[in-house]
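Read the structure below first, then the notes.
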Amino acid sequence: MKVNGTPYRTIWETSDGAVEIIDQTRLPHEFVTVRLENMRDAEYAIREMQVRGAPLIGVTAAYGVALSMSHHASDAALKATCDMLVKARPTAVNLRWAIERMRALLSPLQADERAVAAWREASIIADEDVAINESIGRHGLKIIKDVYQQKNATVNILTHCNAGWLATVDWGTALAPVYAAFETGIPLHIWVDETRPRNQGASLTAWELAQHGVPHTVIVDNAGGHLMQHGLVEMVIVGCDRVTATGDVCNKIGTYLKALAAFDNGVPFYVAMPTPTLDWTLQDGVAEIPIEERGQDEVGYIAGLCDDGQIRRVRLITQDSSSANYAFDVTPARLVTGLITERGLLAANADAIRLLSDTPHPFTGEGLGERVK
Ligand code: MRU
């Protein structure tokens, strides 16, 4: 994707053995890149959300292992690195998936072989993410095209949080079909939930859609139901941070309410799901998925650009009130119209999802179950 006309990925290797990322905490008002030199930098970037979004978190963690192996590649260092990185954020399963893939590859190797192998694997994981998202884009495009052919007018899509290219290495998950449809000339308009408290919608989704020239409107998180009641939304497409083997979808807080409103209004509710976001070990999303609880200040304060050109943080609620900050919620499978995966559109149920593990993956050739279990 392009930033001010220049093509970027969200994470890339430097020529001198480091990694660079876009600091997403500075968007939309400042475009700043940050250099990660060691595993602690990678862990900090994930924990403090300089990088965020399930797929990008996984890729950053893989590079964190590679950075670490360049410095210390003993068994103890490998274990300590993996154990530390995996705890950086709890909900997105891609983090654990990427770490376990790195650990499985590196553990049997001699220490002096690990750095080269780790960099190669991190780079493969990054490239696979791009290929997966491109493919999600192609499959999602068919859905948007069908709606356009029926309506023959602008297709309105509502999305929540940021599941665009900033949440991945490139293309995005929920926004990959949007970009694919936009490229083919289908007239689109995107309703962008602001996504309190971190405002990934207002700060990131709106910014990247604007960079790409896609028509969009930012709305407060509570507006979606009203828009659906008035026929102003043809479909919802969201991303996901973890999906159970039964199709329950964990995504940014507020997703569940959008799914309920969509269900009540007969609006299709799609989830763009890269298969590394599947957690085969879980059956019941509400009971089993760990929900990250973040600090109260994210609710109590808000930051923005002031008229004098300075970015400031201001207090929204007084010190007399406490706040709670649940970062994710779970949408039960019954509310999900379909999962748009890199392997096609799937029903959100155990039978359909099980089929994934029985057929070879188009990119890796492996049975998916072996890869992610
Ligand atoms: O807390 P974040 O910003 O890391 O949240 C993750 C997300 O970006 C969303 O939940 C997203 O919709 C799924 S990741 C493509």
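Numbers here are sequence positions counted from 1. Indexing begins at 1, ligand by ligand and atom by atom, following the structure's order.
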Checklist line | Arg114 side-chain N/O to Ser107 backbone N/O, donor-acceptor pair under 3.5 Å | finding: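 Yes: the side chain of Arg114 pairs with the backbone of Ser107.
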Counting only heavy atoms closer than 4.0 Å, does ligand 1 sit against the backbone of [X], its side chain, both, or neither?
X	answer
Thr255	neither
Glu292	neither
Cys240	backbone

Is it true that the side chains of [X] and [Y] contain a donor and an acceptor less than 3.5 Å apart?
X	Y	result
Thr6	Asn4	no
Glu20	Tyr8	no
Asp279	Thr281	yes

Check: Between Arg35 and Glu37, is there a salt bridge with N-O shorter than 4.0 Å?
Finding: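 Salt bridge between Glu37 and Arg35, a charged N being under 4.0 Å from a carboxylate O: yes.
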Check: Which one of Asp241, Thr91, Asn251, Val271 has a non-hydrogen atom at the shortest distance from atom 6 (C) of ligand 1?
Finding: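 Comparing heavy atoms across Asp241, Thr91, Asn251, Val271, the nearest one to atom 6 (C) of ligand 1 lies in Asp241.
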Note to self: When you measure from the heavy atoms of Arg198 to every atom of ligand 1, does any distance fall below 4.0 Å?
What the structure shows: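 Contact absent.
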Checklist line | Val238 touching ligand 1 at heavy-atom level, < 4.0 angstrom | finding: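 Contact check Val238 vs ligand 1: negative.
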Next item on the list: Would you please name every residue forming a side chain to side chain contact (heavy atoms under 4.5 Å, CB included) with Ala210, sequence neighbours left out?
Entry: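 Partners of Ala210 under the side chain to side chain contact (heavy atoms under 4.5 Å, CB included) test: His216.
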Next item on the list: Do me a favour and list the nearest non-hydrogen protein atom to atom 1 (O) of ligand 1 with residue, atom name and distance?
Entry: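 Going by distance alone, atom 1 (O) of ligand 1 is nearest to Lys252 NZ, 2.6 Å.
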